Amino acid sequence: MNIEKFLQDKVVATAKNLYGELDPSLLQLQKTRKEFEGDMTLVTFPLLKLSRKSPEQTAQQIGEALLEQVAEVKGFNVVKGFLNISLSEAFWAARLEDIRADEGFGQGAPTGRTVMVEYSSPNTNKPLHLGHIRNNLLGYSVAELLKAAGNRVIKANLINDRGIHICKSMLAWQLFGNGETPASSGLKGDHLVGKYYVAFDKAYKEEIRELTSRGMDEEQAKREAPIMQQAQAMLRKWEAKDPEVYALWERMNGWVYEGFDLTYKAMGVDFDKVYYESQTYVLGKSLVEDGLARGVFFRKEDGSVWADLSGDGLDQKLLLRGDGTSVYMTQDLGTAYTRFQEEQLDDLIYVVGNEQNYHFQVLKLILSKLGYAWSDHITHLSYGMVELPEGKMKSREGTVVDADDLIDGMVETAREMSQELGKLDGLSEQQIDDICQMIGLGALKYFILKVDPRKTMLFDPRESIDFNGHTGPFIQYTHARICSVLRKASEAGLAPAAKIDGALLVPEEVALIGTLAEYPATVLAAAETYSPSVVANYVYELAKAYNGYYHDFSVLREQDKAKQALRLALAGTVARVIASGMALLGIGVPERM
RNA sequence: GGUUCCGUAGCUCAGUUGGAUAGAGCAACAGCCUUCUAAGCUGUAGGUCGAGCGUUCGAACCGCUCCGGAAUCACCA
């Protein structure tokens, strides 16, 4: 039950009695700030024209009427124009019972909609880095949020497995690799391939230097450097399906996939559908030709096909080259069309960095010009860059934070810290591994997901390896402590209360139930705005509220058995909601740490 | 230059459809481990919400104008 809505209805009815018909939106209810007494607050300023009284008198009048007519209202106080309403303990006790009885608490009713979330979308020429981590964590979490909001969700990954950048790694491996393989080198497949991508760039730069020192201008040198010429020749061979090049391509991509699988597994992300660009890059041509025939696009003298978007404040956009080959936009038009057809999608969400805002603006506009109503159901979830203290990450300059290194480092730090604090004694190696994995990744994931996706965020590798304060491990710790209490209570033969007696609730516990009751609405809000950060901050507030209040006394030593049973029930519910919220972020919660 | 996004404490970030005295964490300072886990708790200090004007009973939030920063504007993907 939504408390705000419940009270809203009562207040609307009361106000209608007092002032006649009115717009329900005039009655603004919000949670009472903690420095005031009360549970919900009605802001009376919008009502003054109807009541024709001062804010204080209006609040007083409504408060008295509510107290008289609504059984759940226990009392009220008026501060300036704010009517602070207190709800009865019995009401709150019933809410806690509702939550406990609801096994799918936080799970929204089915919407009947199918939503595809495309995320990750890596290139197969280098390992994943910190920027990819933000993408993957956001994509996974948004997919989970949409599921929780009642949608059928398809997680999709479109792998960019072809193109000149792939040929660069392949060529460099041929030239300098001496047959090196992941097995022979001990390198993870994606790292091995990435090594040759870097090697290509190094050799390329060397050749440019060589050519320019002999008087060639730089642009020409970039075009004519032999190694670049070779790479382009290789791409043409690939497109002609030259058996040798194709075999090499398959072999090296295979190495990369083995590497990516490990990284995905470590991050805990997965996909329902994997698309390969090598199979989809021909899509879209027929759409463009259709649009051309209908006069939506136009052809230039050299045969290239364009969309003129200057009427919409944008530029002209190339859709087919003069030689008839397609570009990125062409493929995306085709894949979007195919997906809506094949999967019967209601919505398609692309998790892609904000450097591609323009691309998606154009994509949607073109689809709309082609007359596809579903273009409105495409969303570009545009997230900000992750910056380092030194500035941006540049893969070619080696200033990237490698995903695998980062994950390993976090897990290792979690392990050191656990040992130092003397936790985890008496657990098996396997248990310790699992817990440290959860904590290390929890810290990393939470650090990234607590920030609003749209914002550029700063990642300081030193400060970010923090397990204190507003972090994932703090929330995990709170969960672990509750589990510990429940474990010990159970050993002592104590059980959580089956029935909640409102008379035993103290104000802090009422506040805690109030926070718990907000969880479903929070999940829905997060799903609607594609912002895992909303859930992340909520879970922290919940954990902090619990930790702050329950720190001062011992549940286990409580003399009053009824109170003790109630507190165990409340603690268990808090732990359940924490675990549920963290799961939406892809973060596990250990039972001890 | 055009378009889009961002600007909140020394630092990293929250801040609900506009509501009360703008909140956390980190860093600093002062306390708290014979009681369920101190990865914790309590307290102190820290603010011209980039600037100005406007709308409103009321603005960090809405509008306009500036200032500062980012992304993008390829026959790359």
Side-chain angles (χ1 to χ4, degrees), chain A residues 25 28 30-33 35-36 41 43-46 48-49 55 79-82 84 121 123 160 162-166 277 281 300 302 304 306 313-315 317-323 325-329 331-332 353-359 361-362 382 384-385 387 392 414 417-418 420-423 439 443 447 450-452 454-460 463-464 466-478 480-489 492 518 521-522 525 529 533-534 536-538 540-541 544 547-558 571 592-593:
Chain A
S25 70
Q28 299 174 10
Q30 56 195 260
K31 239 188 130 182
T32 302
R33 299 182 63 128
E35 57 265 36
F36 300 100
T41 295
V43 184
T44 60
F45 296 102
L48 301 186
K49 277 177 189 155
V79 180
K80 294 194 234 174
F82 297 91
N84 299 321
S121 307
N123 291 316
N160 298 301
R162 62 168 281 282
I164 189 71
H165 52 295
I166 312 292
E277 199 197 312
Y281 80 110
K300 287 191 177 175
D302 63 359
S304 56
W306 296 72
L314 304 174
D315 299 320
K317 185 74 191 176
L318 177 81
L319 297 176
L320 285 178
R321 296 189 185 100
D323 61 8
T325 56
S326 59
V327 293
Y328 180 41
M329 182 59 72
Q331 300 167 37
D332 264 8
N354 64 10
E355 74 255 10
Q356 294 197 37
N357 285 356
Y358 183 75
H359 173 79
Q361 204 183 340
V362 171
S382 162
M385 304 283 100
E387 290 185 356
K392 290 191 181 55
M417 197 171 251
S418 298
E420 214 172 283
L421 292 172
K423 313 233 175 186
I439 297 171
F447 183 84
K450 77 172 176 184
V451 181
D452 183 329
R454 291 170 305 166
K455 291 191 178 174
T456 303
M457 64 175 289
L458 186 94
F459 188 91
D460 186 331
E463 282 182 23
S464 302
D466 197 350
F467 296 77
N468 301 318
H470 186 178
T471 65
F474 167 79
I475 299 165
Q476 293 172 319
Y477 166 79
T478 304
R481 266 189 37 161
I482 293 174
C483 289
S484 172
V485 171
L486 296 177
R487 217 164 27 236
K488 289 185 178 167
E518 287 169 30
T522 304
T529 56
S533 61
V534 172
N537 286 291
Y538 168 84
Y540 174 69
E541 290 303 325
K544 192 171 157 56
N547 224 346
Y549 172 51
Y550 278 89
H551 203 268
D552 287 337
F553 61 79
S554 165
V555 175
L556 295 178
R557 286 168 171 261
E558 172 63 55
R592 58 185 88 205
M593 67 183 272

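The shown structure was predicted, so the numbers you read here are calculated from the model rather than taken from an experiment. The sequence lines fix the lettering, A, B, ..., with proteins before strands; numbering per chain opens at 1.
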Chemist: Heavy atoms only, 4.0 Å cut-off, all strands: where does A/Gln476 land among base, sugar-phosphate and nothing?
Modeler: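 It contacts nothing in the nucleic acid.
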Chemist: To the nearest Å, give me how far apart NZ (A/Lys488) and C1' (B/U37) are.
Modeler: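 For the pair A/Lys488 NZ and B/U37 C1', the rounded distance is 7 Å.
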Chemist: Compare all side-chain heavy atoms of A/Arg592 with those of A/Arg481 and state whether any distance is below 4.5 angstrom.
Modeler: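 Side-chain contact under 4.5 Å: no.
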Chemist: Say you pick atom P in B/G40 and the same atom in B/C61; how far apart are they, in whole Å?
Modeler: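 These two P atoms come out 34 Å apart once rounded.
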Chemist: Is the shortest heavy-atom distance from the side chain of A/Pro473 to the side chain of A/Ile439 under 4.5 Å?
Modeler: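 A side-chain contact exists here, since the closest heavy-atom pair is under 4.5 Å.
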Chemist: Would you please confirm or rule out a distance under 4.0 Å between OP1 or OP2 of B/A38 and any side-chain N or O of A/Arg481?
Modeler: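 Answer is yes, contact under 4.0 Å.
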Chemist: Determine the contact category for A/Thr522: base if any of its heavy atoms lies under 4.0 Å from a base atom, sugar-phosphate if only primed atoms, P, OP1 or OP2 are that close, otherwise nothing.
Modeler: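 If one applies the 4.0 Å heavy-atom cut-off, A/Thr522 turns out to touch nothing in the nucleic acid.
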Chemist: Base, sugar-phosphate, or nothing for A/Met417, non-hydrogen atoms under 4.0 angstrom?
Modeler: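 Base contact.
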Chemist: Is the shortest side-chain heavy-atom distance between A/Phe447 and A/Phe459 below 4.5 Å?
Modeler: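 Touching, per the 4.5 Å side-chain cut-off.
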Chemist: Applying a 3.5 Å limit to both distances, which nucleotide forms a Watson-Crick or G-U wobble pair with B/U3?
Modeler: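 Partner of B/U3: B/A71.
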Chemist: Using the C1' atom in both, what is the distance from B/G68 to B/C49, to the nearest Å?
Modeler: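 Pairwise C1' distance, B/G68 against B/C49, rounds to 16 Å.
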Chemist: Taking the minimum atom-to-atom distance to the side chain of A/Phe82, which one of B/A39, B/C36, B/G19 wins?
Modeler: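 Nearest to the side chain of A/Phe82 among the choices is B/G19.
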Chemist: My understanding is that a pair needs two contacts under 3.5 Å, Watson-Crick or G-U wobble. By that rule, which nucleotide pairs with B/C49?
Modeler: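 WC or wobble partner does not exist here.
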Chemist: Between B/G7, B/U12, B/U37, which one does the side chain of A/Phe447 approach most closely?
Modeler: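 Closest nucleotide to the A/Phe447 side chain: B/U12.
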Chemist: Heavy atoms under 4.0 Å, any strand shown: does A/Ile439 hit a base, just sugar-phosphate, or nothing?
Modeler: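 The residue A/Ile439 makes base contact.
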Chemist: Check whether any side-chain heavy atom of A/Cys483 lies under 4.5 Å from a side-chain heavy atom of A/Arg487, and answer yes or no.
Modeler: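 Side-chain contact under 4.5 Å: yes.
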Chemist: For B/C62, give its Watson-Crick or G-U wobble partner with both distances under 3.5 Å, or none.
Modeler: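 Paired with B/C62, as far as the under-3.5 Å criterion goes, is B/G54.
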Chemist: Looking for any heavy atom pair under 4.0 Å, which part of the strands does A/Asp323 touch: base, sugar-phosphate only, or nothing?
Modeler: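 No contact.
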Chemist: Pick the C1' atom in B/U48 and in B/U44, then give their distance to the nearest Å.
Modeler: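 Rounded to whole Å, the distance is 23 Å.
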Chemist: Whom does B/U21 pair with, Watson-Crick or G-U wobble, provided both distances fall under 3.5 Å?
Modeler: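 Looking at the geometry, B/U21 pairs with no nucleotide.
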Chemist: What is the glycosidic conformation of B/C6: syn, defined as within 90° of 0, or anti?
Modeler: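 In terms of base orientation relative to the sugar, B/C6 is anti.
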Chemist: First locate atom CD of A/Glu355, then atom OG of A/Ser382, and finally report the distance between them rounded to the nearest 0.5 Å.
Modeler: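 The OG atom of A/Ser382 is 8.5 Å from CD of A/Glu355, to the nearest 0.5 Å.
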Chemist: Enumerate all atom pairs, one protein N or O and one N or O from nucleotides 26-35 of chain B, separated by less than 3.5 Å.
Modeler:
| residue | atom | partner | partner atom | Å |
| --- | --- | --- | --- | --- |
| B/U35 | O2' | A/Arg557 | NE | 2.6 |

Chemist: What nucleotide, of B/A77, B/A20, B/A71, holds the atom closest to the side chain of A/Asn354?
Modeler: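 In terms of side-chain proximity for A/Asn354, the closest of B/A77, B/A20, B/A71 is B/A71.
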Chemist: Mind checking who B/A9 pairs with, Watson-Crick or G-U wobble, both distances under 3.5 Å?
Modeler: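 B/A9 is unpaired by these criteria.
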Chemist: Taking the side chain as C-beta and beyond, is there a heavy-atom pair between A/Phe45 and A/Gln28 under 4.5 Å?
Modeler: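 With C-beta onward as the side chain, the pair stays apart.
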Chemist: Begin with the C-alpha distance, continue with both residues' side-chain angles, and end with the deciding distance and a verdict on side-chain hydrogen bond (donor to acceptor under 3.5 Å, both in side chains) for A/Asp452 and A/Ser533.
Modeler: CA-CA 6 Å; A/Asp452 183 329; A/Ser533 61; 5.2 Å; no
Chemist: Do A/Asp332 and A/His359 have a side chain donor and acceptor closer than 3.5 Å?
Modeler: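 Note: A/Asp332 and A/His359 side chains meet the donor-acceptor criterion.
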Chemist: When only distance counts, do a donor and an acceptor, one from the side chain of A/Thr41 and one from the base of B/A20, lie under 3.5 Å apart?
Modeler: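 A donor-acceptor contact between them is present.
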Chemist: May I ask you to say what A/Ser418 touches in the nucleic acid, namely base, sugar-phosphate or nothing, with a heavy-atom cut-off under 4.0 Å?
Modeler: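 Base, at least one base atom sits under 4.0 Å.
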Chemist: From C-beta outward on A/Glu355, which listed nucleotide comes closest to its side chain: B/A20, B/A39, B/A71?
Modeler: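 The listed nucleotide nearest to A/Glu355's side chain is B/A71.
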Chemist: Whole angstroms only, please: what is the OH-C1' distance between A/Tyr538 and B/G25?
Modeler: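 Rounded to the whole Å, the gap is 20 Å.
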Chemist: Do A/Thr471 and B/A39 have a side chain to base donor-acceptor pair shorter than 3.5 Å?
Modeler: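 For A/Thr471, whose side chain was compared with the base of B/A39, there is no donor-acceptor pair (under 3.5 Å).
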Chemist: Taking the same atom, P, in B/G50 and in B/G10, what whole-Å distance lies between them?
Modeler: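 So the two P atoms sit 13 Å from each other.
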Chemist: So what's B/G31 paired with, Watson-Crick or G-U wobble, going by both distances under 3.5 Å?
Modeler: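 B/C41 - that is the nucleotide pairing with B/G31, both distances being under 3.5 Å.
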Chemist: Look at the side chain of A/Phe467 and decide which nucleotide, out of B/A39, B/C75, B/U37, has an atom nearest to it.
Modeler: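 Of the candidates, B/A39 comes closest.
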Chemist: Among B/C75, B/G19, B/A39, find the nucleotide with the atom closest to the side chain of A/Asp302.
Modeler: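 From the listed options, B/C75 comes nearest.
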Chemist: Would A/Lys300 count as a cation-pi partner of A/Trp306, with NZ or CZ less than 6.0 Å from the six-membered ring centre and within 45° of the ring normal?
Modeler: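 Yes.
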Chemist: Could you please name the option among B/C6, B/C76, B/G19 that lies closest to any side-chain atom of A/Gln28?
Modeler: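 It is B/G19.
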Chemist: Go through B/A39, B/A20, B/C73 for me and flag the one nearest to the A/Leu421 side chain.
Modeler: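 Among the listed nucleotides, the one closest to the side chain of A/Leu421 is B/A39.
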Chemist: Which is true for A/Arg487 with a 4.0 Å heavy-atom rule: it touches a base, it touches only sugar-phosphate, or it touches nothing?
Modeler: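 Nothing, no nucleic acid heavy atom in range.
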Chemist: For B/A24 and A/Lys450 - does any side-chain N or O of the residue sit under 4.0 Å from the phosphate oxygens OP1/OP2?
Modeler: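 Answer no for this pair, as no side-chain N or O of A/Lys450 is under 4.0 Å from OP1 or OP2.
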